[in-house]
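Below you'll find the structure, written out as structure tokens, and then a few comments.
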Amino acid sequence: MSEEVAASGDTLDDPLLLREWFAVAWSREVVAGQPLARRLLGRDVVLWRSADGLHCWRDLCIHRGAKLSLGTVRNDCLVCPYHAWEYNTAGQCVLIPAQPNLPPPARARAEVYRARERYGMVWVCLAPGRIDPAGDIPNFAFADEPGFRTVLAGPYRFVAKGPRVIENLFDVAHLGHVHAGLLGDPQWLQIEDYEVSMGIDGPEAKNMRIWQPDPDGTGQPALVTYHYWAAAPLTACLVKLRGDSAAEDAQRFGILAQIAPVDAETVDMRMAIVMNYGHEIPETEIVAFQDLVIEQDRIVVESQRPELLPLDLQAELHLRSDRMAIAYRKWLSAIGMKYGTA
């Protein structure tokens with residue numbers, strides 16, 4: 001697939017996408033002195049650290065097109081693996097070893113992108129420097145609250161478009177069937193009415209009550225109350241509550257799920273899971289539970305047709321239980337989302 005433009009709905013140069021933040025790696029993966037290759041929106045990028053902090057550039061040496069991610073870090077410069085051109089932290093070439101007395105031309109520089117870290121993830125925005133991101137990194141306040149632990153899960157690869165994956169996360173009606181014995185009971189598939197409104201960043205749904213045999217991998221059944229919201233077009237958040245929200249011992253389990261399009265056909269989903277209870281449960285068990293749930297989702301989502309999410313509400317049937325999905329589609333239409341939609 002070309003880096004330039006794919007067919008309508010598959011396009012990765014949607015201006016809206018270019019201005020969004022995407023999680024492309026775990027912070028722990030970007031080790032000092034070791035460049036890390038990633039692919040986002042059909043573009044190869046390289047992540048690396050200097051004394052100044054984290055950097056994300058196009059994974060390309062301007063000289064002969066070698067991947068900078070195959071190079072090394074020396075004297076706080078990223079060194080090309082082919083002819084050892086050295087690029088400083090601003091992306092400017094400062095040394096050409098074959099002609100060390102030649103001042104590198106101004107156009108001998110790397111294409112620099114914005115990169116930040118939050119929730120243990122590396123977030124990247126590919127907007128050109130003269131264009132600001134659409135907003136800040138999606139807010140997930142529970143990750144910063146005392147008493148909550150954060151567990152990272154994924155990345156999960158889907159051969160699907162991002163909006164289909166996000167809508168699945170908002171779909172409460174499938175829990176008792178697709179995730180039977182875990183997030184729902186096949187003997188009780190009825191969905192109570194719930195509230196949908198427009199939040200600060202996008203649509204949100206509140207007071208979605210579901211009986212779950214194993215809400216979080218602890219094996220303890222509970223009647224939980226969900227709160228879902230869209231933090232960005234391809235970032236979904238949820239918190240499910242056990243007990244009274246006003247009680248000091250109320251248990252909260254939350255997920256920030258970020259969908260990063262790798263190319264026109266595939267996406268990676270990374271999750272930050274937060275819990276204010278169960279601190280004795282090994283992280284591996286929490287991740288294994290989430291691995292199982294996501295694999296059940298992946299099989300279904302990859303089968304969905306059309307692959308592009310229909311924004312025309314007449315194209316598919318909708319029920320009261322689909323209120324959040326309807327709100328998400330209307331919102332994508334309103335903000336002009338082209339990628340992954342029809």
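Each residue takes its place number in the sequence, starting with 1.
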With side chain to side chain contact (heavy atoms under 4.5 Å, CB included) as the criterion, how do L313 and R329 come out once you've worked through the C-alpha distance, each side chain's angles and the decisive distance to 0.1 Å?
CA-CA 8 Å; L313 297 182; R329 294 187 187 197; 4.2 Å; yes

Can you confirm whether [X] sits close enough to [Y] that some side-chain heavy atom of one is under 4.5 Å from a side-chain heavy atom of the other?
X	Y	answer
R305	E307	yes
R19	I131	yes
R58	R43	no
L16	K338	no
L41	Y339	no
I191	R323	no
T341	L308	no
L183	I210	no

Cluster check [X], [Y]: I/L/V/M/F/W/Y, side chain < 4.5 angstrom:
X	Y	result
V73	L60	no
I62	V112	yes
V300	V293	no
Y113	Y87	no
V151	I281	yes

Any side-chain to backbone donor/acceptor pair from [X] onto [Y]? Under 3.5 Å, distance only.
X	Y	answer
H227	T225	no
N75	C77	no
Q258	A23	yes
E295	Q290	no
R270	V24	yes
E195	K206	no
N88	Q92	yes
H83	H63	no
K330	L311	no
R114	A127	yes

Pairs under 3.5 angstrom only: tabulate donor-acceptor contacts from the side chains of residues 174-182 to other protein residues two or more places apart or in another chain.
unit_1, atom_1, unit_2, atom_2, d
H174, ND1, D171, O, 2.5
H174, NE2, H179, NE2, 3.2
H174, NE2, D297, OD1, 3.1
H179, ND1, Q296, OE1, 2.6
H179, NE2, D297, OD1, 2.9
H179, NE2, D297, OD2, 3.4

Got a salt bridge between [X] and [Y], using NZ or NE/NH1/NH2 to carboxylate O under 4.0 Å?
X	Y	answer
K240	D216	no
D144	R118	yes
E145	R252	no

Report task. Give a yes-or-no answer on whether the side chains of H55 and S50 include a donor-acceptor pair shorter than 3.5 Å. Result ->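 Looking only at side-chain atoms, S50 and H55 do form a donor-acceptor pair, the distance falling under 3.5 Å.
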
| request: Verify the distance criterion only: is there a donor paired with an acceptor across the side chains of Y194 and E192 at less than 3.5 Å? | output: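 Checked: Y194/E192 side chains show no N/O donor-acceptor pair below 3.5 Å.
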
Practice prompt. Apply the test side chain to side chain contact (heavy atoms under 4.5 Å, CB included) to residues L47 and V124: give CA-CA distance (whole Å), side-chain angles for both, the deciding distance (0.1 Å), then the verdict.
Written response: CA-CA 10 Å; L47 305 171; V124 170; 4.1 Å; yes

M208 vs Y228, side chain to side chain contact (heavy atoms under 4.5 Å, CB included): CA-CA, chis, key distance, verdict
CA-CA 9 Å; M208 306 168 80; Y228 288 98; 3.2 Å; yes

Drop me the distance from [X]'s [atom1] to [Y]'s [atom2], to the nearest 0.5 angstrom.
X	Y	atom1	atom2	value
N168	I294	CG	CD1	7.5 Å
I255	L169	CD1	CG	8.0 Å
I96	N101	CD1	CG	11.5 Å
R149	N276	CZ	CG	11.5 Å
E302	R157	CD	CZ	10.5 Å
E20	C125	CD	SG	7.5 Å

Over 12 non-hydrogen atoms of neighbours within 6.0 angstrom of [atom1] in [X]:
X	atom1	value
I200	CD1	no
R130	CZ	no
Q314	CD	no
I299	CD1	yes

(request) Starting from the C-alpha separation in whole Å, work towards a yes-or-no answer on side chain to side chain contact (heavy atoms under 4.5 Å, CB included) for L126 and V45. (result) CA-CA 10 Å; L126 297 185; V45 300; 4.3 Å; yes

Testing the basics here: between [X] and [Y], what is the closest heavy-atom pair and its distance to 0.1 Å?
X	Y	answer
L68	D59	N-OD1, 2.7 Å
G336	D14	O-OD2, 4.3 Å
Y82	A66	CB-CB, 3.9 Å
A230	M324	N-CE, 4.4 Å
P203	M198	N-SD, 3.5 Å
R49	L54	NH1-CB, 4.2 Å

The remaining residues in the hydrophobic cluster of V239, counting side-chain heavy-atom contacts under 4.5 Å among Ile, Leu, Val, Met, Phe, Trp and Tyr, are W21, W26, Y119, M121, W123, I137, F140, F142, F148, L152, W229, L256, V274

When V267, D268, V262 are each screened for side chain to side chain contact (heavy atoms under 4.5 Å, CB included) with F158, the one that passes is V267

